[in-house]
**Q** 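Just passing along the structure, written as structure tokens.
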Protein chains: 2
Amino acid sequence: MPTLSQRISQLHASPIREILAVIQQPGMISFAGGLPSADSFPAFDMAQVPATLWQYGASEGESALREAICIELRQLNFDCTPEQVLVLSGSQQGIDLVAKLMIDTGTAVALESPTYLAALQVFRLFGARFVTLDIARPRPALDQASLCYVVPTFQNPTGGCYTHEQRKQLAQACEASGTVLFEDDPYRDLVYDACDRQPVATYLQSGSFIYQGSFSKTLAPGLRLGYLLASKDLVPYLTRLKQAADLHSNRLSQHLVLQALRDPARGERLQRLQQHYRAKRDAFTDALQWHMRGLANWQTPPGGLFFWLTLAERIDTQALLQQAIAQGVAFMPGEPFFHDGTSGLSHLRLNFSHASITDMDKGLRILRRLCEKALGIRQAG
Amino acid sequence: MPTLSQRISQLHASPIREILAVIQQPGMISFAGGLPSADSFPAFDMAQVPATLWQYGASEGESALREAICIELRQLNFDCTPEQVLVLSGSQQGIDLVAKLMIDTGTAVALESPTYLAALQVFRLFGARFVTLDIARPRPALDQASLCYVVPTFQNPTGGCYTHEQRKQLAQACEASGTVLFEDDPYRDLVYDACDRQPVATYLQSGSFIYQGSFSKTLAPGLRLGYLLASKDLVPYLTRLKQAADLHSNRLSQHLVLQALRDPARGERLQRLQQHYRAKRDAFTDALQWHMRGLANWQTPPGGLFFWLTLAERIDTQALLQQAIAQGVAFMPGEPFFHDGTSGLSHLRLNFSHASITDMDKGLRILRRLCEKALGIRQAG
């Protein structure tokens, strides 16, 4: 074996990736990934693709798309220009770019525990040290950290949503401690109940920030397209990092996304999508009530794609996953979402958007039996 | 300004990126980028796109595409399986992944001087120390380096092609010194004269390697699709790094590339492409003979997309570029291709595939006058 870089010792197999392979098996009921419902994808118009798109393009993204994104961000109260918008090859790329920009071995990153596991994976690869952010009292963690990573709206994995006060307080604390805010906002349009969704970064007066969004959840993940908006001081660095990462993003996807953003029926489509997912969430709530009451606690998420279950007793959900897969059901164990890896033994993240309503019931029935058995074995042992 | 990572001090604006912006100006004659001729792009069939492609896909790439690539690589005498093939979001991404895999601050990388500037950019970002590889006598450099980066076939920027003996000797030297071979082969199908194109990595007995290819030059760069083949020891790490970088590559592009690989008319199309570029190369040779004889020396490249000119006297080609752009002509100065940055003052890299034959003559006339002026000023000063 050749000598690899030191960071490779911090490179772990992603549970998401392993589970993506599993859920492609025929007949598997998946509560695992954040997969949009296959019937939610728009009918893209492939007839009008200009041949100029086959040539190399700009690293920052297509001008017209950057402008369209900028207009939407202004409607969210961002004071921004198209030059601050970078098109990404999916928002996972934004995490990679920000890690390159900010993180050396030992750099302190403040984040909630639990938080998005693929962000933990990338930050860890670049040598980050994690500081747990308490959103009710953010200042102590921020004072120690140069970067703060948050998913304020329909948090992954908990589904929670910061209040107005928490958002303002977090922005103020970032500014007071000179911490760069990295706000990841892929789920904001998947809203089912009234709640505050104002981006935290819009409350910054002059602090440095990266705000990122995704087209995977409202259009289609296969397009691999997202964007980031950064404070002006960071834009030149992020642009160069983007260029070094993949020259530029897929131009055909950029064209299709721009068409979708300009589609007059877009608002209506989004409403239908919200109704569709709200109905699925509600059906999942019913199925959870039926199967899991007494075994686990949960909050109904006001948006996003996930339920976060806390089991009544502490069991190893990684072991539970192996048993569930053997019976045709996949879910995400809680453990990889916790940066210290140990606090997550009694949690399950369940996606409600992908499975059919029939499969929800069938899959949760299997999970219930496995949980009962695990708890029983534990009690007996 | 917040505290950025230490690597950002090694992050420089890419000359390619800056020039891509310039050549989009209307009327600009570009000898700068490696842009394929716009009339060379195939007519992609957009009518048969399966809707399943809009969902998340596998990090490694679509199975059918990996198999098709593997079959082609076996025809090149690689003893490989589809599991060793990873689909990339363009071969620039391969450079990023290999840098993450291998390079810490101070890691020695052996490479030719000059070599591909975007590889230098990425390796530098990750803290590489460069050791100049003399292809006639590779062992001394390889003994010092853990990674060796080469473009053996139609090298960028020189257009040169390693001989059979050089290829075998390089493979043997990599193995003897335990150096990982990173072979970048984007131009191999753009061949105009007989020459050895056998991948160096096929001569390895058991050494670790990454061999990568691109669909940008023979299909379309806007698709942003390439691939790598790695020795079995490196595949799991590269797969995880790919997942962390962008989850997976664009599935629509993967579908279109697979269709193109399966197209029975593909061989014929490639032959036409070669004829087209050979004719352009020959026309460029004529124009160079007419305008630049006495001012510069060059070898006619047997393949690829570039002429590499060595000026008769040492002038600052970065300054020359600014004057040329002002007169509507873009080219790549030699300097950024040299890792020490200083040996390249008297070189120009000229692309012959993008400009029309009329524009070749017009552009080279302008370059000639500027070179004459620069040499005259220098002689007078």
Side-chain angles (χ1 to χ4, degrees), chain A residues 1-8 11-14 17 20-21 33 35 38 41 46-47 49 51-59 89-90 92-93 96 100-104 107 118 121-122 125 146 178 180 208 220-224 233 237 240-241 243-253, chain B residues 1-8 11-14 17 20-21 33 35 38 41 46-47 49 51-59 89-90 92-93 96 100-104 107 118 121-122 125 146 178 180 208 220-224 233 237 240-241 243-253:
Chain A
M1 191 69 191
T3 307
L4 304 179
S5 67
Q6 287 172 25
R7 77 180 66 79
I8 296 302
L11 175 66
H12 303 285
S14 161
R17 201 188 77 73
L20 264 173
L35 274 72
F41 302 139
M46 309 291 281
V49 177
T52 51
L53 290 183
W54 305 125
Q55 194 51 276
Y56 283 110
S59 298
S89 305
Q92 181 71 26
Q93 184 174 58
D96 179 70
K100 284 171 178 161
L101 178 69
M102 295 292 303
I103 301 176
D104 288 317
T107 297
Q121 183 197 24
V122 176
L125 176 67
S146 47
V180 175
S208 301
L223 294 173
R224 299 283 69 228
D233 54 340
Y237 301 103
R240 291 174 198 173
L241 288 168
Q243 201 271 342
D246 65 357
L247 298 186
H248 64 83
S249 293
N250 190 285
R251 298 184 72 191
L252 182 52
S253 285
Chain B
M1 189 71 193
T3 307
L4 304 180
S5 67
Q6 287 173 26
R7 75 181 67 79
I8 296 303
L11 175 66
H12 303 286
S14 160
R17 202 188 78 74
L20 263 173
L35 274 71
F41 301 138
M46 309 290 279
V49 178
T52 51
L53 290 182
W54 306 125
Q55 193 53 277
Y56 283 109
S59 299
S89 304
Q92 181 71 27
Q93 183 175 58
D96 179 70
K100 284 172 178 160
L101 179 68
M102 295 290 304
I103 301 177
D104 288 318
T107 298
Q121 183 197 24
V122 176
L125 176 67
S146 48
V180 175
S208 300
L223 294 172
R224 301 280 69 229
D233 54 340
Y237 301 103
R240 291 173 198 174
L241 289 167
Q243 201 270 343
D246 65 359
L247 298 187
H248 65 83
S249 292
N250 190 287
R251 297 185 73 189
L252 182 51
S253 286

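We name chains A, B, ... by the order of the sequence lines, and we start the count at 1 in each one. Just the heavy atoms: all of them, side chains too, but no hydrogens, waters or symmetry mates, feed the values below.
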**Q** Quick one: what part of L247(B) sits under 4.5 Å from any heavy atom of chain A, side chain, backbone, both or neither?
**A** both
**Q** Among the options M46(B), Q243(B), Q55(B), pick out the one with the most heavy-atom pairs lying under 4.5 Å from chain A.
**A** Q55(B)
**Q** Taking atom types as modelled, find out whether S89(A) and D246(B) have a side-chain donor-acceptor pair closer than 3.5 angstrom.
**A** no
**Q** Grab the two heavy atoms, one from M102(B) and one from S5(A), that are nearest each other, plus how far apart they are.
**A** C-CB, 3.7 Å
**Q** Looking at residues at least two apart in the chain, or sitting in another chain, which of them share a side chain to side chain contact (heavy atoms under 4.5 Å, CB included) with A245(B)?
**A** Q93(B), L97(B), K100(B)
**Q** Given that the side chain runs from C-beta out, which part of A118(B) has a heavy atom under 4.5 Å from chain A: side chain, backbone, both or neither?
**A** neither
**Q** For each of R251(B), H12(B), R7(B), tally heavy-atom pairs with chain A at distances under 4.5 Å, and name the one with the top tally.
**A** R7(B)
**Q** Select one option (side chain, backbone, both, neither) describing which atoms of T107(B) are under 4.5 Å from chain A's heavy atoms.
**A** neither
**Q** Examine whether an atom of H248(B) lies under 4.5 Å from a heavy atom of chain A, and if so say whether it belongs to the side chain, the backbone or both; otherwise answer neither.
**A** both
**Q** Any chance you could lay out the side-chain contact (heavy atoms from CB on, under 4.5 Å) test for L125(B) and R240(A), step after step, and finish with the verdict?
**A** CA-CA 10 Å; L125(B) 176 67; R240(A) 291 174 198 173; over 6 Å; no
**Q** Of the backbone (N, CA, C, O) and the side chain (C-beta and beyond), which part of T52(B) lies under 4.5 Å from a heavy atom of chain A, both, or neither?
**A** neither
**Q** Using side chain to side chain donor-acceptor pair (under 3.5 Å) as the criterion, list what pairs up with Q92(A), not counting sequence neighbours.
**A** none
**Q** Quick one: OG on S208(A) to CG on L4(B), what's the gap to the nearest 0.5 Å?
**A** 8.0 Å
**Q** Could you tell me whether the side chain of T3(B) reaches within less than 4.5 Å of the side chain of V180(A), counting heavy atoms only?
**A** no
**Q** Below 4.5 Å from any heavy atom of chain B, which atoms of L101(A) appear? Answer side chain, backbone, both or neither.
**A** both
**Q** Is it the side chain or the backbone of Y237(B) that comes within 4.5 Å of chain A heavy atoms, both, or neither?
**A** both
**Q** Test your reading of the model: is there a side-chain donor-acceptor pair from D104(B) to the backbone of Q6(A), 3.5 Å cut-off?
**A** yes
**Q** Taking every heavy-atom pair that is under 4.5 Å apart, which of V122(B), D96(B), V49(B) has the most such pairs with chain A?
**A** D96(B)
**Q** Give the minimum heavy-atom separation between W54(A) and P221(B), together with the two atoms involved.
**A** O-CD, 3.0 Å
**Q** Against chain B, work out which of N250(A), L53(A), L252(A) has the most heavy-atom pairs shorter than 4.5 Å and name it.
**A** N250(A)
**Q** By a 4.5 Å heavy-atom criterion (distance strictly below it), what part of I103(B) contacts chain A: side chain, backbone, both, or neither?
**A** backbone
